[in-house]
Amino acid sequence: MHTTPGRSCMLGNTATELLPHDEAAGRVVRGAFGDLENAIEQAVWLARAVTTYIDEALKALAAGDIDRAREAVRGGGTPLTAALAEHLDDARSGSVYDQPAAFEAFINGGGNVGLYQAVTEALGNLYARVRPSSLLDIGCGDGRALRPALTVEQAPASVTLVEPSETLLDSAVRALDGFQVDARHSRVEPFAAALPDDAVFDVAQSTFALHTLPHEVRDEVLADLVGHVGVLAVVEFDVPDLPHASPEHRRFLAEAYERGLTEYDADRTLVAQGFLMPVLTGQLVPGATRATWEQPASRWAEQVTRAGFTGVEVTRLHDYWWSPAFLLTASGSPTATTPRR
């Protein structure tokens, strides 16, 4: 990590020059600071120093100054600084779905294991309550959340899948062997807009997919769906409402991504470079390919209500490194119901 000459960090009455991360960490480990109290004090300083470098990088990204961001994280003393430095040096571009293997490694590891267990249990409970004959899964991915949920006795036999990644869609279809599957390699916007009047789904669900739509596009999709859906089920993250690129927003991103990356070991580089770093930079860099338009759970409730859904309920599902996951359910048009089996 390159430092600015003469910059220091105050610890009580002691000023210590900022050191490259590896050197400073080594000094803490070797006990070079003396007694335990001083070592703890210096470890706290080190954490704050690392946070400062990351914040400088994120602030530079938001300003479109890639060179300054690259300089801020060079040397990478933490999983996040190392991953961001590699990503910025690599100069990749394109959609995060250009590397399906990275996304699959991401959802198959880390905190996603417990997260998806909670999601599939919640969906299974929903099927048991609604007893659907038909199901629409928007952005099904590889079927990771859907397939285990369909093991409940009341699961629908007919499933319609909508997924823009052909690779992930193929995996989902293979996972649903034995079910009546209508697989649509498509984005949800044209699919929802072209639904015929008599198309109905007892349940339409989306797990961590609708946030990939800009807010205004999502408004249109939900409005197109409301007349064709009995029950809407949306699983998303309850992210805090913070001003874009503000100090609070940058701190949230730094702390969350640092936590997330530490949950991966052998697949960390693949997950970071093929998925997480493009998502992170896409949220900040002006003109970058943005992948997410998330919002607090309360805004999701407002949005589906605005589209015409009623009886909105939000249930917290699982604590996660990014933000708590929740399940939102709502009722669509009364005409969008079919006879139960």
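Along the sequence shown, residues are numbered consecutively beginning with 1.
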Those residues at least two apart in sequence (or on a different chain) that pass side-chain hydrogen bond (donor to acceptor under 3.5 Å, both in side chains) with Gln303 are Arg218, Asp219, Gln295

Going by the salt bridge (Lys or Arg N to Asp or Glu O under 4.0 Å) test, which pairs reach into residues 317-326, not counting sequence neighbours?
Arg316-Asp319

With Thr305 via side-chain contact (heavy atoms from CB on, under 4.5 Å) - residues at least two apart
Val312

Steps toward salt bridge (Lys or Arg N to Asp or Glu O under 4.0 Å) verdict (Glu71, Arg68):
CA-CA 5 Å; Glu71 182 69 16; Arg68 182 160 62 92; over 6 Å; no

By side-chain contact (heavy atoms from CB on, under 4.5 Å), which residues pair with Asp197, not counting sequence neighbours?
none

Could you tell me which residues satisfy salt bridge (Lys or Arg N to Asp or Glu O under 4.0 Å) with Asp265, sequence neighbours excluded, listed by chain and number?
none

Could you work out, with side-chain hydrogen bond (donor to acceptor under 3.5 Å, both in side chains) as the rule, every residue matching Ser171, not counting sequence neighbours?
Arg174

Close side-chain approach of Ser333 and His228, heavy atoms under 4.5 Å
no

With sequence neighbours left out, write down each residue that passes salt bridge (Lys or Arg N to Asp or Glu O under 4.0 Å) with Glu189, or none if nothing qualifies.
Arg187

Examine the side chains of Ser246 and Glu248 and answer whether a donor and an acceptor come within less than 3.5 Å of each other.
yes

Distance, nearest 0.5 Å, that separates CG of Leu253 from CD of Gln283:
5.5 Å

All pairs passing salt bridge (Lys or Arg N to Asp or Glu O under 4.0 Å) where residues 221-244 contributes a residue, at least two apart
Asp241-Arg299

Does Glu220 have any side-chain hydrogen bond (donor to acceptor under 3.5 Å, both in side chains) partners at least two apart in sequence or in another chain, and if so, which?
none

Contacts of Arg250 that satisfy salt bridge (Lys or Arg N to Asp or Glu O under 4.0 Å) - sequence neighbours left out:
Asp55

With sequence neighbours excluded, residues passing side-chain hydrogen bond (donor to acceptor under 3.5 Å, both in side chains) with His318
none

Please enumerate all residues that pass salt bridge (Lys or Arg N to Asp or Glu O under 4.0 Å) together with Arg184, with sequence neighbours excluded.
Asp182

